[in-house]
Amino acid sequence: MGSEQKTVDVNFDSLLRIFTVPEGPDSTLTKIEDGLSKNLNQFLREHIVAEEKPLRDIEKDFSNPIIPEQPEFVSDHTQHLLDTLVAQSVHTSAPSFIGHMTSALPYFLMPLSKIMIALNQNLVKIETSKAFTPLERQVLGMLHRLIYSQDDAFYSHWMHSAGHSLGAFCSGGTIANITALWVARNNALKAEGNFKGVEKEGLFKAMKHYGYEGLAILVSERGHYSLKKAADTLGIGQESLVSVKTDDNNRLCPTDLKAKFAHLKQQNIKAFAVIGVAGTTETGSIDPLTDIAEICQQEACHFHVDAAWGGATLMSNNHRHMLAGIELADSVTIDAHKQLYIPMGAGMVLFKNPDAMSSIEHHAQYILRKGSKDLGTHTLEGSRSGMAMLVYASMHIISRPGYELLIDQSIEKAQYFANLIDQQDDFQLISKPELCLLTYRYTPKETIAALKVATKAQASQINDLLNGLTKFIQKRQRETGKSFVSRTRLNPGEMHHQNTIVFRVVLANPLTTYDILESVLAEQREIAKQAPKLMNQINLLTEEICQTNN
Ligand SMILES: *Cc1c(COP(=O)(O)O)cnc(C)c1O
C-alpha cells in the first residue's frame, strides 16, 4: 500500500457513481457481502480477533480529527474497517458471550435490515413513511395486546386512531422509560382552572398551582440507571428518585413502598409515579406487580412497569404468570433489542389508556398537523428509522410459539446452570434465576465452610478478599479466556448486606450449550489459581476463622 495506493479524484461523476452503481462482482465489498450472507457466524469468527488489545492502542487508530481531503475507494476503505474496527469489536453473538443482554440474531434480519435501510423511511410523519406508520401502529398494538389483552373491538377502535396512541416506538428502554415518566408527570400536573398545565407553564408554576413542595418517583434499589436520567431530564432531579427497599430476593418491599408514600406526603411531596421492575438488569428479579398496582390505585399514582428486559417473557404461556399484575400497569417498557432478538435500537413503551399520551402531544405547522396520524406527535424522538419492520417480521417469522420456545429454553438453561453451580463445592450461587439471569461467585470450598461460622467482621474481611478475586477472575477471563461473563455488585442478605461482587450471567443466546456452561466454571476455577497471593490471603483467613470459631 502506501505510495502505491490508487487514489480517487473528487469529481461529481465519481460521486454520482456511489449513488447509482453497485460495487463490481470482484470488489472487496462484494466479497465481504457474499461472505456475510453465506455464513454470518463464520464471518464474525474470522474477522473479530479474540486477543485483547488495550483500548489505548485501539484509540491510536481513531485519533485523527481531520476530515479526509482525499476520497478512498470503497473497497480499500472496507478493508480498513475490517482491520481496525471489525477486528477489534466484541463478538456479542458468540455462544460463550453470556455476560450481557445482547444475544445472537436470527439470520433473516440481515437482508431485511438492508431493505429497511435502503427504503430509509422516516417514521416521524406519514409523508415520509406511508405504510410504515400503520405497520408500526400494528406492532404497538401487538405488544399492547400481549400485555393488556383487550378485545378485538378495542384494537380496531384505537390502533389507527389519529388522536390516540397505544404507545411509542423508540430507540430503547431509556427513552421508553423517559417517555412513560414524561406522560405521568404531565398527567399529574395537568391543566386546571387558570393553570394551563406543566407542558405549557413549566414545573415552577405547576408546583405553585398545585401547592406541592416537591415531586418524586419511587423505584426499588435495583431500578435501572436510566431512571436517574429520566428524573434529571424531567426537571425533578436525581434525588427525587426515591429508593424503595428490596427483600432478600431483590424484589421491592410493598410495606416500605407504603412507608415511603407516607413519608413523602408528610413533606407535601407528590409521588407521581411508581416503577415496578419486571426483570431487574442485575439479577433478573421481578417486583410484586399486583401489590404495587394496588398501592398505586390507593395513592392515585401512575404505575409504570420497566420490563425492558423481562417483558418478552409474556410470549411464553408457560412463564408469563411470573409477570402477573403487569396488566394493571398504566404503562410498560419493553425492549425488542433484548429478549425479542431484534438488533439494537428497538424499544417500546405501551400505555393501557389510548388517551394517556395526549398530555405530551406536540404539533407543528409543516408536519405533525392536528388530526394527522403522524407518529411524531407522540414521540420524544424526531426522525426515526423503520425498525418496527424488523419487529413485525420477527413476530411473523418466529411467531408467538417460536418465541415461547426461545424464552423457555433460556429459563431452563439458567436453571441448569444454577443447579450446576450448586453442585460445585467451590462456587456460590448468589441470586437464583427467576428468568434467565443469575449471579454467583467463586469461593474456595474451605472458605464457604468458614463463612458459615464466621463473625460479621470476619465475613466482611473475607468478603473484601473474595470481591478482589471475583474482579480478577472476571477481568482475566474477558481478556484471555474463551468466555465472557459480566460482573456487578449486590448486597445479599446472606452476606450481611455487605457489598458483594458477583459474576452476572444472561443466558438468552440459543446457541449457548450446557458444555459451554461447564467450561465457563472450569475456566474460572483455573483463573483463580493465577492469583496466588490473593488465594493465599483467603486461605490464611479461612484457617483463622475455622480455628477461632470451632
Ligand atoms: C436495558 C434496560 C433498560 C435500558 O434500556 P436501553 O435499551 O439500554 O436504553 C432499562 N431498564 C431495564 C430493566 C433494562 O434491563
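Worth knowing before you read on, the calculation uses all heavy atoms, side chains too, and leaves out hydrogens, waters and symmetry mates. Atoms within each ligand, like the ligands themselves, are counted from 1 in listed order. Counting begins at 1 with the first residue of the sequence.
Close to ligand 1: H337, with a non-hydrogen atom less than 4.0 angstrom away. Under a 4.0 angstrom heavy-atom cut-off, G347 registers as lying outside contact with ligand 1.
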Working for ring-ring contact (aromatic ring centres under 6.0 Å, His included), residues H144 and F351: CA-CA 8 Å; H144 189 285; F351 289 88; 9.4 Å; no
Verdict with reasoning, E136 to R384, per salt bridge (charged side-chain N to carboxylate O under 4.0 Å, His left out): CA-CA 11 Å; E136 187 171 291; R384 262 181 331 101; 2.8 Å; yes
Derivation and outcome, ring-ring contact (aromatic ring centres under 6.0 Å, His included), residues F503 and Y442: CA-CA 9 Å; F503 302 127; Y442 173 76; 8.4 Å; no
Verdict with supporting geometry, K228 and D232, salt bridge (charged side-chain N to carboxylate O under 4.0 Å, His left out): CA-CA 6 Å; K228 277 200 183 148; D232 184 359; over 6 Å; no
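Contact annotation: for T174 versus ligand 1, heavy atoms closer than 4.0 Å belong to both the backbone and the side chain. Counting heavy atoms under 4.0 Å from ligand 1, residue T333 does not touch it at all.
Annotation for K471: atom NZ does not count as buried by contact number, only 12 or fewer foreign heavy atoms lying within 6.0 Å. More than 12 non-hydrogen atoms from other residues, nucleotides or ligands lie less than 6.0 angstrom from CD of E199.
Ring-centre distance between H91 and F484: not below the 6.0 Å cut-off.
Between R504 and E282 there is no salt bridge, since no side-chain N of the basic residue sits under 4.0 Å from a carboxylate O of the acidic one.
Note: an N/O pair closer than 3.5 Å links D306 and ligand 1 by distance alone. The shortest N or O to N or O distance between G279 and ligand 1 is not below 3.5 Å. Checked against a 3.5 angstrom limit, the closest N/O atoms of S171 and ligand 1 fall outside it.
The protein non-hydrogen atom at the shortest distance from atom 6 (P) of ligand 1 is G173 N, 3.3 Å. In terms of protein heavy-atom proximity, atom 14 (C) of ligand 1 is closest to K338 NZ, 2.9 Å.
With Q339, H224, M344 as candidates, the residue nearest to atom 10 (C) of ligand 1 on a non-hydrogen basis is H224.
Residue contact check: G172 has heavy atoms under 4.0 Å from atoms 7 (O), 9 (O) of ligand 1.
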